[in-house]
Amino acid sequence: MKKLFLILFLFLSVQTIHAQNRLDRIEPLFWWTGMKNTNLQLMLHGKDLSGYTLKVNYPGVKLVKTHPVENPDYLFVDLDIQSEAKAGKFVINLEQKGKSGLKFTYELKNRDNAAGRIQGVTNKDFIYLLMPDRFSNGDPSNDVVKGMRETTLNRDSMYYRHGGDIQGVVNHLDYLQQLGVTTIWMTPEIENDMANASYHGYAVTDHYRIDPRYGTNESYKNYVEKAHAKGLKVIKDIVHNHIGTGHWMYNSLPMKDWLNQWSEFTQTSYRDEPVMDPHTSEADRKKMLDGWFVSSMPDLNERNPFVQQYLIQNHIWWIEYAGIDGLRLDTYAYNEPEFMADWAKRLQAEFPKLSIFGETLVNSVPAQAFFTQGNTVNRGFDTHLPGITDNVLKASLFEALNGKSGWVDGVFRLYNTISQDFLYQDADKNVIYFDNHDMSRFYSVIGEDYHKYKSGIALLLTLRGIPQMYYGTEILMKNYSDPDGLVRSDFPGGWKGDKENKFTPAGRNTQEQDAWTYVSKLANYRKNNPALQTGKMMQFVPEDGMYVYFRYADGNKDAKDVMVILNGDSTAKTLNTKRFSERLVNKTILKDVINNTEFKLDQPIAVPAKTTLVLELN
């Protein structure tokens, strides 16, 4: 009886050890051979992992160092994946005297070098931004996922989930292709297991998991592949600056300084000036960079080397895994500058064609240029950030459409903004736009004036840079961002049972169809004319409320030079073309690319009020 009791006691003790010491998460989930940087840092999470020693026995994989940290439930492991390492699975053993051993299997994969992956997004492209929850519901079975914090589905509220998903986007790839779009940018598809407003995507709760209400990691990869098969590129929206309070590690951080900690809640100032001001106080700079965006979005400490490596590896993982073409960097100005420069170098080393642009909602051209690559404004170091979201140009476009002509107002504001392109290393890498998911919609800001609408679309698709349009602009969706949910309406027809389906011509009214056709015709013309993609730009000082510029590609036989005329005034004007002779040599006819109307160069051109003409030179 005593012997039986002893055996039972030993059995239960072993079970207790196994229960107390477990491994429940390994990130990255897997990795690849053949990376330029051979260093890989695994983050292990489980119960009481500190003190374990590791053993790895796999050709080409060297264990460099283990890092016990402040929280004993984490262990960081540095591996060297040497050039001779082959794809395959191998066992990593964790051992510690007095504790039961743990082991896990890790996998190295071959990199996918198939053509058409990680192509980059350039000024040849036209970006379509959408919110997956509000675009189309392709798979109703994932509308509500049990166990997640938010399980309310209510399309009548702008702050609950509506059920749109990745499959909904896949279902409408043909629609986007016909519209003339070449690139899709979705707001973050990553898991946001938050109790409220989880649909917007910017409060990540698991860096390695697509939100199950949108789909799976596999369905995201499949979406990228299907987009590529149709000649469409994909941008992934990523967040360096913060996580959500629902993040799996938030209540049990690897170390206290994983986040920027304050003695009491401190919100960022939202002021970009202290980041660039040579006279700033350190307190102001710290508040801007280390303050939390909002109370539900804790601020990551990007000076922590473990945080740095975690983010870099996560972004490399998604690019290599899914084959995406570009990254949009949320809240770029709020991040630690030196880290972001190093991050960009690391990613560009692995993916030379990858495109990157940062969100910089600042209010001057020098401030925007401050964040871009090349140290062009005496920043002191190269950010390695190719381009930004051109917020200053956006404001100038609205001024040109809504303002009255003056020495510094109206169309002159637009001319003046573009004249400062010398501050950028390459302004063609900036993303130009009218609105997004945080801003009042374009059609509302111009007072629902359809003439201004067409004029603005013409400017967007003919100016330098990479044009981006917010979903629904092509069918005149409208509203203001106060509150912001009002600009995040569902695309009509994206849900089974919708009364109207504006994905089809039959579902659009006359003006909506005309708007859709206008966007499509101009976007597809741009897609097939190198002059509007990679061509140079020449602009002329505005006179009498008229702004004229040319897009041209000398020496490119496939390019058709284009003259763009904006009449920013509320009265019709005529334009004599003699002033622009340096771009009109050997040309006799100008043809409107929308309606094929022809104009002779020896006669004045009539330009209606608040109108932009896009004219092909022949």
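Since the model is a prediction, treat every value here as computed from it, not as a measurement. Here, residue 1 is the first one in the sequence, and each next residue gets the next number.
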Under the criterion ring pair (Phe, Tyr, Trp, His ring centres under 6.0 Å), I'd like the reasoning laid out for Y160 against Y199: C-alpha separation, chi angles, the key distance, then a yes or no. CA-CA 7 Å; Y160 289 116; Y199 72 91; 9.6 Å; no
Let me see the working for R117 and E320 under side-chain contact (heavy atoms from CB on, under 4.5 Å), right down to the final yes or no. CA-CA 9 Å; R117 300 179 90 245; E320 183 63 36; 4.0 Å; yes
Salt bridge or not between [X] and [Y]? Use side-chain N to carboxylate O under 4.0 Å.
X: R155; Y: D143; answer: no
X: D438; Y: R488; answer: yes
X: E350; Y: R111; answer: yes

Testing E27, H247, Q313, H315 for side chain to side chain donor-acceptor pair (under 3.5 Å) with H207, which one passes?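 Among the candidates, only H247 passes.
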Side chain [X], main chain [Y], donor-acceptor under 3.5 Å:
X: Q308; Y: F339; value: no
X: D73; Y: D48; value: yes
X: Q267; Y: S295; value: no
X: D211; Y: D193; value: no
X: N301; Y: D257; value: yes
X: D80; Y: N39; value: no
X: Q119; Y: G116; value: yes

Minimum heavy-atom separation for [X] and [Y], please, with both atom names.
X: I190; Y: V204; value: CG2-CG2, 3.6 Å
X: P386; Y: H384; value: CD-O, 3.3 Å
X: V307; Y: E302; value: CG1-CA, 4.4 Å
X: N93; Y: K103; value: OD1-CB, 3.4 Å
X: Y74; Y: S252; value: OH-O, 2.7 Å

Fit a plane to each ring of [X] and [Y], take the angle between them on a 0 to 90° scale, and name the class: parallel (under 30°), tilted (30 to 60°) or perpendicular (over 60°).
X: W318; Y: Y321; answer: perpendicular
X: F434; Y: F442; answer: parallel
X: H200; Y: Y202; answer: parallel
X: Y58; Y: F90; answer: parallel

For T389 and E359, does a side-chain donor sit closer than 3.5 Å to a side-chain acceptor?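 Judged by distance alone, the side chains do not pair up.
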Without hydrogens or angle criteria, can the side chains of Q511 and Y453 be said to hold a donor-acceptor pair below 3.5 Å?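 Judged by distance alone, the side chains do not pair up.
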Can the positive tip of R441 be found less than 6.0 Å from the middle of the six-membered ring of Y433, inside 45° of the ring normal?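 Not satisfied by the 6.0 Å and 45° rule.
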Kindly say whether the aromatic ring centers of F503 and F135 come within a distance under 6.0 Å.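 They qualify: ring centres under 6.0 Å apart.
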Between Y471 and H172, is the ring centre distance below 6.0 Å?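 No, the ring centres sit 6.0 Å or more apart.
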Any [X] side-chain heavy atom under 4.5 Å of [Y] side chain:
X: S296; Y: M194; value: yes
X: Y332; Y: T383; value: yes
X: Y270; Y: T331; value: no

Are more than 12 heavy atoms from other residues, nucleotides or ligands located less than 6.0 Å from atom [atom1] of [X]?
X: D482; atom1: CG; value: no
X: K527; atom1: NZ; value: yes
X: K221; atom1: NZ; value: yes

Check the pair L44 / L23 against side-chain contact (heavy atoms from CB on, under 4.5 Å), numbers first and verdict last. CA-CA 7 Å; L44 312 183; L23 189 62; 3.7 Å; yes
Do H67 and F306 pass the ring pair (Phe, Tyr, Trp, His ring centres under 6.0 Å) test, and can you show the C-alpha distance, the side-chain angles, and the key distance before you say yes or no? CA-CA 10 Å; H67 302 272; F306 294 99; 5.3 Å; yes
With a cut-off of 3.5 Å and sequence neighbours excluded, list every side-chain donor-acceptor pair involving residues 179-188.
| from | atom 1 | to | atom 2 | distance (Å) |
| --- | --- | --- | --- | --- |
| T182 | OG1 | D125 | OD1 | 2.8 |
| T182 | OG1 | F126 | N | 2.8 |
| W185 | NE1 | D237 | OD2 | 3.0 |

Which pairs pass salt bridge (charged side-chain N to carboxylate O under 4.0 Å, His left out) with one or both residues in residues 167-183, sequence neighbours excluded?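 Listed by first then second residue: D174-K230.
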Quick one: salt bridge (charged side-chain N to carboxylate O under 4.0 Å, His left out) partners of E500, sequence neighbours excluded?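 Here the qualifying residues are K502.
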